[in-house]
Amino acid sequence: MSATPETRPAGVDVLTFGETMLAVQVPEPLTIGAGARTTIAGAESNVAIGLARLGHRAAWAGAVGDDEPGRLVLRTLRGEGVDTSHAGVRPEAPTGGLLRERRVADLVRVHYWRSHSAASLLTPEDLAPALAAGARVLHLTGITCALGAGPLEAVRRAAVHAHTHGWTVALDVNHRRRLWGDGDAGRALVPLLEHVTLLIASDDELPVLAGAFPGRPQGEEATVRALLAAGVREVVVKRGGEGAVLHGGDGSRHTLPALQVPVRDTVGAGDAFCAGYLSGLLDGLSPAGRLERANTLGAFAVASDGDWEGLPRRDELALLAAAPGSTIR
């Protein structure tokens, strides 16, 4: 059975939460003292912005500090049309930060300052108002689970609430080894699967999940079977420049190659892919149509600078079909 969002009226189309940080971007190695650009970045808010630009109602319920970076985060999200009415401000902790340096060509290094940040203090109680307001889809990531015991418990309870109330629950594994090891990640994420409708993972993240299953299934096909047996209805495997494949609980399989575009910045491409797939789900597209929209948003992300800045509006989805070097007048 395909993952299908509930159709009853709800507060928003997609609710997500997690950590969004002040992002400092430098176009050259930091050691030479390159000039910097400031913006915001966070996996969950990247998805929310991508959805909002396509006309969906997206809400972000993360936490920031009572500081200028936190105000920048909230102001930027509101400016992009994301609902932040249930976002929290924690005066006792700072907003997290990151620095992205372009080391050479399209190779980017990211440095984080997120220990003891406001988002690491997130609790299930903080999310209660957002969950009570309702949504069609709950979007979760492994990153939030890795921020600490409070955020992990918030994810667990949110997944239970959403599943119980008939929402679609989407989980992007989004594994970050700077935050936790493969074993810890697998042990935390696999128990969530009974509540997950849609799981999205890159091909190199599947072993993280496989390691937490009894018998440790080997290879993509065996891991996907284990995920579906655990209750997930759809598994989408991202393969970077090779495209993506969708495995359905009914045994169906759909593969779509990636769009070929000039690569400028790969950071944020996975979040863009998730936003595109969820958009297709909300619009009732076929499995192939969902993959096509996901690949399209991923292509916009890698062909643009920044995590989310180049993501398209709905009337721009066909832009990549134009011939290279075209001028649209």
Side-chain angles (χ1 to χ4, degrees), residues 10-23 38-52 56-98 112-162 165 167 169-172 174 176 179-180 188 192 271 274-275 307-308:
V12 295
D13 293 321
V14 179
L15 169 65
T16 190
F17 61 95
E19 180 162 45
T20 298
M21 297 165 281
L22 172 69
T38 56
T39 181
I40 69 166
E44 300 81 13
S45 57
N46 293 343
V47 171
I49 290 172
L51 288 163
H56 302 290
R57 298 170 300 163
W60 179 84
V64 297
D66 185 14
D67 48 31
E68 285 305 316
R71 285 184 274 279
L72 175 64
V73 167
L74 297 178
R75 185 167 60 248
T76 302
L77 293 178
R78 286 194 296 265
E80 287 292 332
V82 176
D83 182 347
T84 62
S85 58
H86 296 298
V89 177
R90 306 295 292 258
E92 69 272 36
T95 303
L98 67 85
Y112 295 101
W113 290 268
R114 61 198 314 173
S115 179
H116 308 298
S117 66
S120 72
L121 304 180
L122 196 68
T123 69
E125 291 70 30
D126 294 327
L127 287 179
L131 293 170
R136 296 173 65 189
V137 177
L138 175 68
H139 170 67
L140 305 170
T141 79
I143 295 175
T144 305
C145 297
L147 296 180
L152 176 57
E153 185 60 24
V155 168
R156 287 172 174 160
R157 292 204 205 172
V160 171
H161 176 96
H165 288 79
W167 307 5
V169 180
L171 172 64
D172 179 8
N174 223 334
R176 295 289 183 269
L179 291 177
W180 57 355
L192 296 175
D271 303 329
C274 288
D307 285 38
W308 54 267

Seminar exercise, completed: Closest heavy-atom pair, S120 versus P151, reported as atoms and distance to 0.1 Å, is O-CD, 3.5 Å
For this session: Would you give the length of the straight line joining atom CH2 of W308 to atom OG1 of T39, rounded to the nearest 0.5 angstrom?
Result: 4.5 Å
Problem set entry | Partners passing side-chain contact (heavy atoms from CB on, under 4.5 Å) against A158 (at least two apart in sequence or in another chain) | F17, L127, L131, L138
Seminar exercise, completed: To the nearest 0.5 Å, atom CG of L72 lies from atom CG of L77 at 9.0 Å
For this session: Run the numbers on V64 and V89 for side-chain contact (heavy atoms from CB on, under 4.5 Å), then give the verdict.
Result: CA-CA 5 Å; V64 297; V89 177; 4.2 Å; yes
Problem set entry | Listed once per pair and sorted, the ring pair (Phe, Tyr, Trp, His ring centres under 6.0 Å) pairs that draw on residues 137-161, sequence neighbours left out | H161-H165, H161-W167
For this session: Using salt bridge (Lys or Arg N to Asp or Glu O under 4.0 Å) as the criterion, list what pairs up with D67, not counting sequence neighbours.
Result: none
Seminar exercise, completed: Heavy-atom closest pair (A130 atom, A61 atom, distance to 0.1 Å) is CB-CB, 3.9 Å
Exercise. Any side chain to side chain donor-acceptor pair (under 3.5 Å) pairs touching residues 72-82, not counting sequence neighbours?
Worked result: R53-E80
Exercise. Quick check: does any side chain N or O of T95 sit under 3.5 Å from a backbone N or O of G65, one acting as donor and the other as acceptor?
Worked result: yes
For this session: Verify, without hydrogens or angle tests, whether R90 (side chain) and L121 (backbone) share a donor-acceptor contact under 3.5 angstrom.
Result: yes
For this session: Begin with the C-alpha distance, continue with both residues' side-chain angles, and end with the deciding distance and a verdict on side-chain contact (heavy atoms from CB on, under 4.5 Å) for L122 and E19.
Result: CA-CA 9 Å; L122 196 68; E19 180 162 45; over 6 Å; no
Exercise. Under the salt bridge (Lys or Arg N to Asp or Glu O under 4.0 Å) test, which residues partner R71, sequence neighbours left out?
Worked result: D66, E68
Seminar exercise, completed: CG (N174) and CD1 (I143) are apart, to the nearest 0.5 Å, by 3.5 Å
For this session: Report the distance from atom CG of D271 to atom CD of E44, rounding to the nearest 0.5 Å.
Result: 7.5 Å
Seminar exercise, completed: Interatomic distance, CG@L140 vs CG@D172, rounded to 0.5 Å, equals 10.0 Å
Seminar exercise, completed: Taken to the nearest 0.5 Å, the spacing of L171 CG from T141 OG1 works out to 8.0 Å
Exercise. Between L22 and P69, what is the shortest heavy-atom contact and its length?
Worked result: CB-CB, 3.8 Å
Exercise. What's the verdict on side-chain contact (heavy atoms from CB on, under 4.5 Å) for V47 and T16, showing C-alpha distance, side-chain angles and the deciding distance?
Worked result: CA-CA 8 Å; V47 171; T16 190; 5.6 Å; no
For this session: Among residues two or more places apart or on two chains, list those pairs meeting salt bridge (Lys or Arg N to Asp or Glu O under 4.0 Å) that have a residue in residues 138-156.
Result: E153-R156, E153-R157
Seminar exercise, completed: Residues A93 and S117: closest non-hydrogen pair is CB-C, 3.8 Å
Exercise. What are the two closest non-hydrogen atoms of H86 and P129, and how far apart are they?
Worked result: ND1-CB, 3.6 Å
For this session: Assess whether side-chain contact (heavy atoms from CB on, under 4.5 Å) is satisfied between D13 and L51, documenting all intermediate values.
Result: CA-CA 9 Å; D13 293 321; L51 288 163; over 6 Å; no
Exercise. Closest approach of G18 and T144, non-hydrogen atoms and distance?
Worked result: CA-OG1, 3.4 Å
Exercise. Are the side chain of S45 and the backbone of A48 linked by a donor-acceptor contact shorter than 3.5 Å?
Worked result: no
Exercise. Knowing that exactly one of V12, D83, I49, T20 qualifies, which makes a side chain to side chain contact (heavy atoms under 4.5 Å, CB included) with W60?
Worked result: T20
